[in-house]
Structures are given as structure tokens and as C-alpha cells.
Asker: 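First the structure, then my questions, so here it is.
Counting convention: from 1, in listed order, for ligands and their atoms alike. Only a predicted model underlies this, so the values are computations on that prediction, with no experimental measurement involved.
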Amino acid sequence: MSILEDVANFCASHIDPNIASWEAERQMAPVSFYRSAAQLGLTRLEVPEQDGGLDLGFDEKLAIFDAITESSMATAFSLINTHNVANDLARKGSAALKQRFLPGLLSGEVLGSTALTEPGAGSDFGSIVTSAEAVDDGWLLNGAKAWITNAARSNVIVCYVQTDPTAGPKGIASFVVDGTRSGFVRSAPEELAGGHGIGAGGFVLDNYLASEDEMFAPPGEGFLAALTGINGARTYVASMCRAMMSSSLGVAVTYGNSRQAFGRSIIEHQGLGWSLADVATQLEATRLVVASAVAAVVAGEQPGGDPRAAILPAAYAKKFAAEVAEPAIAACLQTMGAAGLRDEYPLSRHLAAARIANFVDGSTEMMNERIAASLRS
Ligand SMILES: Cc1cc2nc3c(=O)[nH]c(=O)nc-3n(C[C@H](O)[C@H](O)[C@H](O)COP(=O)(O)OP(=O)(O)OC[C@H]3O[C@@H](n4cnc5c(N)ncnc54)[C@H](O)[C@@H]3O)c2cc1C
């Protein structure tokens, strides 16, 4: 697939030389980066051809974003979130919504977000309190969102709200929110231990007026709409963890074969060789559990396929990959001695991103809840 070669060249020219300074400045990639990524097609991979997309499959998207993750998971995660908003709008949006919001997303001028989490509700999505009240000329939205990927800069946000506080999950709807409109107040981005390329942040909706045609999922469908695609998201997060483990092992092996200690290369010392053997084994196990989830997601997308069959494989993959990635990357870093900490190597960035992977698209504990539910009689 020639796009994979283009992506490898793009990472080498646009991410690898810059990622350490973006992270040191606690910044996302600049706007020019997203424009270049869009020119390569990275904002339109799964988008249907009639909407200006490449109509690639989920597995092809994964391979491309894995390659970007080897350079920076934070940047890959930011891009994939914009891509997903564009794809959702293209596939489910009205002609008016597409005309208003799709061109900016596809050209990389505008970033996209999907906003479920609030300061008071993360795992317990059904308890969100951002409200939508029907008024004469549309809906008034009020409330706050937190920990939203790309919120540092995004202007097209699929935002989940509660339309009826007595209805619980059945009252949840979503709107496409415009970050340039009055009533949208952006918060300062999160200052984190790493992963600033994700642009995690929040915003307040203060009497934000959404028109009727900006409702994306109506009340009663919002909760389910948020869960549609979650198995794909869990699978690509797992795959990104695999990609970071693979990248870390590659760097550690190269370093370990050239660095000398006590008269031989450090990888020849049994302790370190065995430690990397453990990582290689975990990497292979992760590859297999991710492959099983990818197959289930792809099968669920086929005509007549059952997307629910991907629930467990995706939960297994995300739980396993996120849990093993962090110690595996740390083990690779350990074999490099202090040098592994240098920002010329990706390992410390991968380590922070592996921690983040344990929260996004459902925490590891929520994966346990999902898996445990399948064991109950
Ligand atoms: C970098 C980053 C990017 C993000 N991007 C987005 C985004 O784009 N959109 C979005 O909507 N959200 C996003 N999130 C938020 C993410 O989805 C939440 O962090 C996650 O859902 C967990 O919510 P919480 O952090 O509020 O933790 P809480 O829900 O407060 O939970 C705290 C801890 O308790 C555990 N816990 C909660 N309930 C249970 C239970 N029943 N049993 C056992 N343990 C439990 C959790 O797993 C967690 O470890 C992002 C988060 C990060 C860090």
C-alpha cells in the first residue's frame, strides 16, 4: 500500500524532527502540520468517496495510525479524533451539517473532538449534566466538558448533552458544536506529565444556541450513538500500544547491541537479554489479541455482520495492551540506561502515552467491568 510509504516519509519529515520540541513546549503540532497531514489524506481515510474521502477499511486506517504512533501516539490520537469526527459527519450528518463542517475538517484547517467527559462524570457517562433545553429558535446548551482530545484548538465538536435530567441515559442527545460561536468558552489546555500533542482540554457552554439542524443524535439515541464505534476506538488504542511497544523494543535492541559494558554488548548480558525477551513475548501476545479484535470489528462492519461480536475482543485487546505496554516500554528504557531518558529517543513519550491509553475510550477498570459482566450467569 503506497500510502504507508508516504506516511513513513511524512513521519520522518514532519514528526520525528519536531516532536521533542512540541512536547517540551507543551504544545500540539502546529496548524501547518495538520494541513500537511490532510493533504496526505489522513483526515479522510474512512470517509466515503462521495464525500471526498478515500473509503479505506478499518484495518487500513489502523496500519496507518500505527505507523504515526511509532513517532508519536499523542499526535496520532489527535489526528484520528479529527478523522473520526469527519467520518461520522460524512456518514450520519445531514447535508446542511456536512456542508457547514466537513470541508474544514477534511482540509486540516479545523480539528474535531468528541466530548462526553465532564468535570463530574468520566466513566459514568450516563450521569452527564451538560444540559440542552428546547427554545423557540433551537436548543440552549449549558455546562462544562473536560479532558477532551483536541479541545485545546478544535472547532467542530460532537458534544453529548442531557435533554431531560429525569430520563438518565435515555435523555442523552448530541449536537455538533461550533467552537467559534458565542457561548463557547474554551478552557486552558491540561498541563500533563506528557502527551501534550493530544491537546486535552475542556470548554464551557454558556447559553450556547444550537440550531435544530445541529442536533446530531436525538434524545434516546445519544447514549447508543456514543457507544457505536467504541469497539473500534478501543481496538485502535490497543493497536497504538502495540506500535509503541514495537518502536521501544526496536530502539532498545539497536542500542543494546552497540553499547558495551564489561567487555561485551549489553544485550549479551543475560539479565537484559531476558528482559527484552519478555518484551518481545508480550509484543507477540499483544499483536495476536489486537488481530482478533481487528477481525471482529471488520466482520461487524460487513453487511449482515454483528458489531456486538466485537465488544469482548475489543475489551480484551484494550485491557491487555494498555496494561502490558507501560511495563514493557519501561523495561526497554531500563536496558538503555540513562540514555533512554533523552528526548532524542521516543521512549519517555511512549511511556506517558501508554499511561494515557489506560484512560481513553474507557479505562482499564471499565474493560474489567465489561469482561466480568460476560462471566456472570
Ligand atoms: C489524554 C486524555 C484524552 C481524553 N480524550 C477524551 C475525549 O476526546 N473525549 C472524552 O469524552 N473523554 C476523553 N478523555 C476522558 C476519559 O474518557 C476519562 O478519563 C475516562 O473515561 C475515565 O474518567 P475519569 O478520568 O473521570 O475517571 P473516573 O470516572 O472519575 O474514575 C476514577 C477511577 O475510578 C475507576 N472507576 C470508575 N468507576 C469504576 C467502577 N465501577 N469499578 C471500578 N473502577 C471504577 C476508573 O477506572 C478510574 O481509574 C480523555 C482522557 C485523557 C487522559
Asker: Output yes when a protein non-hydrogen atom is found under 4.0 Å of atom 15 (C) of ligand 1, and no otherwise.
Answerer: yes

Asker: What protein heavy atom lies closest to atom 20 (C) of ligand 1? Include the residue and the distance to one decimal.
Answerer: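 Answer, as residue, atom name and distance: F359 O, 3.5 Å.
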
Asker: Can you tell whether the side chains of E214 and R181 come within less than 4.0 Å, N to carboxylate O?
Answerer: yes

Asker: Can you tell me the protein heavy atom closest to atom 6 (C) of ligand 1 and the distance?
Answerer: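 I find the closest protein heavy atom is W147 O, 2.8 Å.
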
Asker: Below 4.5 Å, heavy atoms only, C-beta onward: do F223 and Y160 meet side chain to side chain?
Answerer: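 They are not in contact (no side-chain heavy atoms under 4.5 Å apart), so the answer is no.
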
Asker: Can you pull out the closest protein heavy atom to atom 2 (C) of ligand 1? Residue, atom name and distance to 0.1 Å, please.
Answerer: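 Ranked first by proximity to atom 2 (C) of ligand 1 is V360 CG1, 3.7 Å.
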
Asker: Might you check, step by step, whether the distance between atom 49 (O) of ligand 1 and some protein heavy atom is under 4.0 Å?
Answerer: yes

Asker: Take atom CD in E284; do more than 12 heavy atoms of anything else shown fall under 6.0 Å from it?
Answerer: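 Enclosed.
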
Asker: Should one rank M366, E369, E365 by closest heavy-atom distance to atom 40 (C) of ligand 1, which comes out on top?
Answerer: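 Checking each option, the heavy atom nearest atom 40 (C) of ligand 1 is found in M366.
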
Asker: Give me the nearest non-hydrogen protein atom to atom 31 (O) of ligand 1 as residue plus atom name, then the distance to 0.1 Å.
Answerer: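 The protein heavy atom lying closest is S123 OG, 3.8 Å.
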
Asker: Which one of V298, V297, D361 satisfies the side chain to side chain contact (heavy atoms under 4.5 Å, CB included) criterion with T235?
Answerer: V297

Asker: Determine whether D66 and S239 satisfy the following criterion, side-chain hydrogen bond (donor to acceptor under 3.5 Å, both in side chains), listing intermediate values before the conclusion.
Answerer: CA-CA 7 Å; D66 280 1; S239 196; 2.7 Å; yes

Asker: Should the proximity of T117 to ligand 1, defined as any heavy atom under 4.0 Å, be assigned to the side chain, the backbone, both, or neither?
Answerer: both

Asker: Against F77, only a single residue in I68, I356, V360 fulfils side chain to side chain contact (heavy atoms under 4.5 Å, CB included); can you say which?
Answerer: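 The option that passes is V360.
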
Asker: Atom 34 (O) of ligand 1: protein heavy atom closer than 4.0 Å?
Answerer: no

Asker: Would you mind checking if D16 and R349 are paired as a salt bridge, meaning a charged N to carboxylate O distance below 4.0 Å?
Answerer: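 Not counted as a salt bridge, because no side-chain N and carboxylate O are separated by less than 4.0 Å.
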
Asker: Mind checking whether S363 contacts ligand 1 via backbone (N, CA, C, O), side chain (CB onward), both or neither, at a 4.0 Å heavy-atom cut-off?
Answerer: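 It is the side chain that touches ligand 1; the backbone stays farther off.
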
Asker: Around atom CZ of R259, are there more than 12 heavy atoms of other residues, nucleotides or ligands at under 6.0 Å?
Answerer: no

Asker: When you look for heavy atoms under 4.0 Å from ligand 1, do you find them on the side chain of T114, its backbone, both, or neither?
Answerer: backbone

Asker: Tell me, which protein residue and heavy-atom name are nearest atom 1 (C) of ligand 1, and how many Å apart are they?
Answerer: I356 CG2, 3.6 Å

Asker: Indicate the atoms forming the closest heavy-atom contact of L351 with E326, along with that distance.
Answerer: CD1-O, 3.4 Å

Asker: When you measure from atom 29 (O) of ligand 1 to the protein, is at least one non-hydrogen atom found at a distance under 4.0 Å?
Answerer: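 Neighbour list for atom 29 (O) of ligand 1 includes protein heavy atoms (cut-off 4.0 Å).
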
Asker: What protein heavy atom lies closest to atom 5 (N) of ligand 1? Include the residue and the distance to one decimal.
Answerer: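 I find the closest protein heavy atom is T149 OG1, 2.8 Å.
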
Asker: Looking only at protein heavy atoms, which one is nearest to atom 26 (O) of ligand 1, and what is the separation?
Answerer: G122 CA, 3.3 Å

Asker: T82 pairs by side-chain hydrogen bond (donor to acceptor under 3.5 Å, both in side chains) with which of N150, N87, T149?
Answerer: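 Of all the options given, the one that passes is N150.
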
Asker: Tell me the nearest of I157, N84, L116 to atom 11 (O) of ligand 1, using heavy-atom distances.
Answerer: L116

